[in-house]
Amino acid sequence: MELLREYVGALVNLYGMFHKEKLLEIYNEQNEEQISMGDIEALMVDESVMVPGTFAYPYGDYFAHEVIAMYDEFDEWFRKKGDKPYYVPNKAELLRYVDDFYFEKSKAYRNLYSYVGENFISNNTEELKDVCEQVFDNCHLNFDLQYTLNDLVRMGVKFSSEKQMKEVVDLIIDLSNNVRLWENNGHTPNEIALVFGRPNLSPVIEGSSVARGENVIDFAERKKQNVGRNDPCPCGSEKKYKKCCLGKDL
């Protein structure tokens, strides 16, 4: 049953939440040794207990990531997912998602990494990695583009011109359209656009001041943001800023 738990952990990190039938389908398609629904339900006996070795909680007939369960967001995510198909990578790639920090380093991510390394951080690999992974995380969480740019400034990235800032904006937009999202059942916005024939604009971009053609960085002042996304929210709720007042401040 260790492999089954790994599948639960990988799928909840990739999809956020999923029905037990989807777990049965994927597992049995990728493994010669088959499991039954009884094997899965043995992991779902107590909705208040996280499945060992994962971030997944049983939620009715579903498994839900602890973030969804903790903030009682099941109905909201169920609505966001709608009838979107599931992205199912091969077994080797899927099981990489057991690691909660794993993400697919797409061409768009590699392009951002190269640009930041060439123009901003050339002598510190760890800092370069931290900055680019922060941008990825913001895209994955659908944070507003303006916030992400301000976040880059907060992390020490100094834009030399409007042109350079716009080049970074293009890279962030490309990345945001190639990030695998919970609400898309693991598909990227670009992939979903191909399925449904809709524009491939990521939620990160919609409604942002950049999308409206406005300036988002004050190059004269370069004000830094004092509250990090994982810091305690200033309102005193004891939640992380990103899970509380962040959306109200954008």
Side-chain angles (χ1 to χ4, degrees), residues 13-16 80-81 84-89 93 96-97 99 101-122 124-217 219 222 225 229 242 246-247 250:
N13 286 336
L14 180 58
Y15 301 145
K80 287 180 179 180
K81 287 169 171 286
K84 295 170 187 172
Y86 282 82
Y87 161 71
V88 183
E93 173 66 10
R96 291 190 177 101
Y97 285 91
D99 180 357
F101 292 100
Y102 174 76
F103 64 93
E104 181 182 316
K105 293 178 176 61
S106 64
K107 180 180 179 182
Y109 177 83
R110 297 194 301 272
N111 288 342
L112 175 71
Y113 189 96
S114 295
Y115 187 94
V116 173
E118 291 171 5
N119 292 275
F120 304 112
I121 307 170
S122 59
N124 190 324
T125 303
E126 283 304 311
E127 183 181 356
L128 173 60
K129 180 181 176 183
D130 287 344
V131 167
C132 292
E133 290 187 359
Q134 179 77 43
V135 174
F136 171 87
D137 203 17
N138 287 0
C139 292
H140 186 259
L141 293 169
N142 284 339
F143 283 1
D144 184 87
L145 178 56
Q146 180 175 347
Y147 173 81
T148 298
L149 287 171
N150 288 338
D151 211 16
L152 284 172
V153 174
R154 181 180 64 81
M155 292 184 288
V157 171
K158 297 180 179 180
F159 297 106
S160 62
S161 65
E162 293 280 350
K163 178 178 179 294
Q164 189 179 61
M165 185 270 286
K166 289 177 180 177
E167 289 173 347
V168 172
V169 165
D170 288 342
L171 290 167
I172 295 173
I173 290 174
D174 190 31
L175 176 60
S176 67
N177 281 314
N178 287 280
V179 168
R180 301 203 173 279
L181 300 175
W182 286 1
E183 65 190 71
N184 290 342
N185 287 324
H187 282 289
T188 69
N190 276 347
E191 290 170 346
I192 288 297
L194 290 174
V195 173
F196 290 98
R198 292 199 285 263
N200 65 353
L201 193 64
S202 164
V204 171
I205 312 305
E206 294 175 355
S208 73
S209 53
V210 174
R212 297 192 298 269
E214 302 171 8
N215 291 333
V216 296
I217 299 292
F219 284 88
R222 290 194 177 99
Q225 202 165 341
R229 64 190 184 84
K242 69 182 180 183
L246 173 60
L250 298 178

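Basis for what follows: all heavy atoms, side chains included, without hydrogens, waters or symmetry-related copies. For clarity, every value in this text was computed on a predicted model and none was experimentally measured.
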Self-check item: side chain to side chain contact (heavy atoms under 4.5 Å, CB included) evaluation trace for F136 with E104
Solution: CA-CA 10 Å; F136 171 87; E104 181 182 316; over 6 Å; no

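- Put simply, CG on L145 and CG on N150 are 9.5 Å apart, with the number rounded to the nearest 0.5 Å.
- Nearest heavy atom pair, residue G117 against residue L128, reads N-CD1, 3.6 Å.
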Practice problem: Could you go through the ring-ring contact (aromatic ring centres under 6.0 Å, His included) check for Y97 and F103 one step at a time? | Solution: CA-CA 7 Å; Y97 285 91; F103 64 93; 9.4 Å; no

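- When only modelled atom types and interatomic distance are considered, K84 and N185 share no side-chain donor-acceptor pair under 3.5 Å.
- F159 has its ring centre less than 6.0 Å from the ring centre of F120.
- Listed by chain and residue number, nothing satisfies the salt bridge (charged side-chain N to carboxylate O under 4.0 Å, His left out) test with R110 (two or more places apart in sequence, or in another chain).
- Panel note: side chain H187, backbone Y87; a donor-acceptor pair is recorded below 3.5 Å.
- Here Y113 pairs with nothing under the ring-ring contact (aromatic ring centres under 6.0 Å, His included) rule; sequence neighbours left out.
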Quiz prompt | Candidate pair L149 and I172, rule side chain to side chain contact (heavy atoms under 4.5 Å, CB included), full reasoning | solution = CA-CA 9 Å; L149 287 171; I172 295 173; 4.0 Å; yes

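- The CZ atom of R96 sits 13.0 Å away from atom CG of L14, with the distance rounded to the nearest 0.5 Å.
- For Y102, the side chain to side chain donor-acceptor pair (under 3.5 Å) partners at least two apart in sequence or on another chain are E93.
- Across all their heavy atoms, L181 and H140 have their closest contact at CD2-O, 3.6 Å.
- Distance check, rounded to the nearest 0.5 Å: CE of M165 to CD of E167 gives 11.0 Å.
- Here D174 pairs with N178 under the side chain to side chain donor-acceptor pair (under 3.5 Å) rule; sequence neighbours left out.
- Side-chain contact check for Y109 versus S114: every heavy-atom pair is 4.5 Å or farther apart.
- Without hydrogens or angle criteria, Q164 side chain to S160 main chain gives a donor-acceptor distance under 3.5 Å.
- Salt bridge E162/K166: absent, no basic N to carboxylate O contact under 4.0 Å.
- A donor-acceptor contact shorter than 3.5 Å links the side chain of W182 to the backbone of N13.
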Quiz prompt | side chain to side chain contact (heavy atoms under 4.5 Å, CB included) between T148 and C139, worked out | solution = CA-CA 8 Å; T148 298; C139 292; 5.6 Å; no

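- In terms of heavy atoms, Y15 sits closest to G186 at CD2-N, 3.9 Å.
- The side chain to side chain contact (heavy atoms under 4.5 Å, CB included) search around L171 returns N111, L112, Y115, not counting sequence neighbours.
- Not a single side chain to side chain donor-acceptor pair (under 3.5 Å) links K129 to another residue, sequence neighbours left out.
- Side-chain atoms of E191 and N184 include no donor-acceptor pair closer than 3.5 Å.
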Exercise. Could you please spell out the steps behind the side chain to side chain contact (heavy atoms under 4.5 Å, CB included) verdict for V179 and T188?
Key: CA-CA 5 Å; V179 168; T188 69; 5.8 Å; no

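- Taking all atoms of both residues into account, the shortest heavy-atom contact from R154 to D151 is NH2-OD1, 2.6 Å.
- Between S176 and N138 the shortest side-chain heavy-atom distance does not fall below 4.5 Å.
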